Colleague: 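Just dropping this structure here.
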Amino acid sequence: MNEEERKEQTEYEQRRAERRAARIKRHRRQMRMKCLLVLGCAVLVVIAGWQAVRLIKGRRAETVIKETPIKKIVQTPPEYDVQLLTVNEYSRPGTALEKVTGIVVHYTANPGTTAQQNRDYFEGLGLSKATYASSHFVVGIEGELIQCIPCKEIAYASNDRNKDTIAIECCIPDETGKFSEASYQTLVHLLAWLMGRYDLDIDAVIRHYDVTEKLCPKYYVEHPDAWDALKEAVCTYIDTYGTETPNL
């Protein structure tokens, strides 16, 4: 092999080595790109998983907050006189009231009578047998309050809702059926206390009218805005005088 041939051979080997080095360099670059791509995908997966865990924990926390809200209840009842009726077929049957899901407001429809007179009327039905009637509480014109039936028993006041409601009769001063201011204030306090005692919201406070469409309590059927105002007064009373407790 002469000098020229050796020179060509050397140049060939150099070019071959350069091509090989270029291939190796290109291969390494491709491998680095693949590694970076895999690493990037892994990082994205980790971030996505972390975000998912945060979202789930957030939703769980939100669920716990929604399930255990803080509410206020009035723990002290208005002053009342316990004068339970004698157990009888016509006004106090002694039947158990298993669960309270509502409170029904009535009016006595006999203007000027007192809470005591209405309580005694219910007591007398056991002898007169004139009709079936009673209520758990009677609110007087002067704001006096008498309990006639234990809250764990039914009263004859609200037809098919006797089985799951507390009944409140309110005395009235005149034919309009509007409650006196003293009656109104006692009723608001009583409703607020009963709502807390039985874990009820304001929608559970209804009129006799809402059960049977009877005109009772008259003024608050004829003036639905006055009924709404009474319910608002109950909510305000709870907000003002209630104590906070978790709604477990």
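Note that these values count all heavy atoms, side chains included, but never hydrogens, waters or copies made by symmetry. Computed from a prediction, not measured in an experiment: that's the story for all the values here. All residue numbers refer to positions in the sequence shown, counting from 1.
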Colleague: Give a yes or no on whether the backbone of T76 and the side-chain of Y241 come within a donor-acceptor separation of less than 3.5 Å.
Modeller: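 Here the side-chain-to-backbone pair does not exist.
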Colleague: Evaluate the ring planes of Y220 and F179, with Trp represented by its six-membered ring, and classify them as parallel (under 30°), tilted (30 to 60°) or perpendicular (over 60°).
Modeller: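 Geometry flag for F179 against Y220: tilted rings.
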Colleague: Counting heavy atoms not belonging to E142, are there more than 12 under 6.0 Å from its CD?
Modeller: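 Counting neighbours around CD of E142, 12 or fewer heavy atoms of other residues, nucleotides or ligands fall under 6.0 Å, so no.
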Colleague: Is there a donor-acceptor pair under 3.5 Å between the side chain of K72 and the backbone N or O of D239?
Modeller: yes
Colleague: Kindly say whether M195 contributes a backbone atom to a donor-acceptor pair with the side chain of D199 at under 3.5 angstrom?
Modeller: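 The answer is no, because no donor-acceptor pair under 3.5 Å joins these two groups.
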Colleague: Could you grab the distance from atom CG of L230 to atom OH of Y184, nearest 0.5 Å is fine?
Modeller: 4.0 Å
Colleague: Do K71 and D201 sit within salt-bridge range, that is, some charged N less than 4.0 Å from a carboxylate O?
Modeller: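 Here K71 does not pair with D201 in a salt bridge, since their nearest N and O are not under 4.0 Å apart.
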Colleague: Would you mind reporting whether S128 and Y90 have side-chain heavy atoms less than 4.5 Å apart?
Modeller: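 No, every pair of side-chain atoms sits at 4.5 Å or beyond.
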Colleague: Side-chain contact, heavy-atom cut-off 4.5 Å: W227 with V205?
Modeller: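 Side-chain contact under 4.5 Å: yes.
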Colleague: With the 4.5 Å side-chain cut-off for hydrophobic clustering, are L125 and Y132 part of the same group?
Modeller: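 Hydrophobic grouping puts L125 with Y132.
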Colleague: Using the salt bridge (charged side-chain N to carboxylate O under 4.0 Å, His left out) rule, collect all pairs that involve residues 75-102, keeping only residues at least two apart or in two chains.
Modeller: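 As it turns out, the salt bridge (charged side-chain N to carboxylate O under 4.0 Å, His left out) pairs with a partner in residues 75-102, which skip direct neighbours, are R92-E153.
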Colleague: When you measure from the side chain of S135 to the backbone N and O of I168, does any donor-acceptor pair fall under 3.5 Å?
Modeller: no
Colleague: Could you measure the distance from the CD atom of E169 to the CD1 atom of I146? Nearest 0.5 Å is fine.
Modeller: 12.5 Å
Colleague: Is a donor on one side and an acceptor on the other found under 3.5 Å between the side chain of T131 and the backbone of A133?
Modeller: no
Colleague: Just how far is it from atom CD of Q185 to atom CG of L190, taken to the nearest 0.5 Å?
Modeller: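 That separation rounds to 12.5 Å.
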Colleague: Quick one: do the Q116 and E144 side chains pair a donor with an acceptor below 3.5 Å?
Modeller: no
Colleague: How would you list, by chain and number, every residue that makes a side chain to side chain donor-acceptor pair (under 3.5 Å) with E222, sequence neighbours excluded?
Modeller: none
Colleague: For R207, is there an ion pair with D210 - N to carboxylate O distance below 4.0 angstrom?
Modeller: yes
Colleague: Who are the side chain to side chain donor-acceptor pair (under 3.5 Å) partners of T243, not counting sequence neighbours?
Modeller: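 T243 satisfies side chain to side chain donor-acceptor pair (under 3.5 Å) with Q75 only.
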Colleague: In Å, rounded to the nearest 0.5 Å, how long is the span from CG of L187 to OH of Y237?
Modeller: 11.5 Å
Colleague: Show me the donor-acceptor pairs within less than 3.5 Å that the side chains of residues 101-109 make with the rest of the protein, sequence neighbours left out.
Modeller:
residue: T101; atom: OG1; partner: R161; partner atom: NH2; Å: 3.4
residue: T101; atom: OG1; partner: D164; partner atom: O; Å: 3.4
residue: T101; atom: OG1; partner: D164; partner atom: OD2; Å: 2.5
residue: H106; atom: ND1; partner: H208; partner atom: ND1; Å: 3.3
residue: H106; atom: NE2; partner: S158; partner atom: OG; Å: 3.1
residue: T108; atom: OG1; partner: N110; partner atom: OD1; Å: 2.6

Colleague: So, taking the atom named OH in Y80 and the one named SG in C148, what distance separates them when rounded to the nearest 0.5 Å?
Modeller: 12.0 Å
Colleague: Hydrophobic side-chain clustering at under 4.5 Å (ILVMFWY, transitive links): who's grouped with Y209? Put none if nobody.
Modeller: L215, V221
Colleague: With heavy-atom distances below 4.5 Å as the criterion, would you say the side chains of V138 and C171 are in contact?
Modeller: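 Yes. Closest side-chain heavy atoms under 4.5 Å.
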Colleague: Does I149 offer a backbone N or O that forms a donor-acceptor pair with the side chain of H136 under 3.5 Å?
Modeller: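 Not confirmed, H136 side chain does not pair with I149 backbone.
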Colleague: Roughly how far apart are I141 CD1 and E181 CD, rounded to 0.5 Å?
Modeller: 14.0 Å
Colleague: Does any N or O in the side chain of E123 come within less than 3.5 Å of the main-chain N or O of T86, such that one atom is a donor and the other an acceptor?
Modeller: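 Confirmed, E123 side chain pairs with T86 backbone.
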Colleague: Could you tell me which residues satisfy side chain to side chain donor-acceptor pair (under 3.5 Å) with S91, sequence neighbours excluded, listed by chain and number?
Modeller: N88
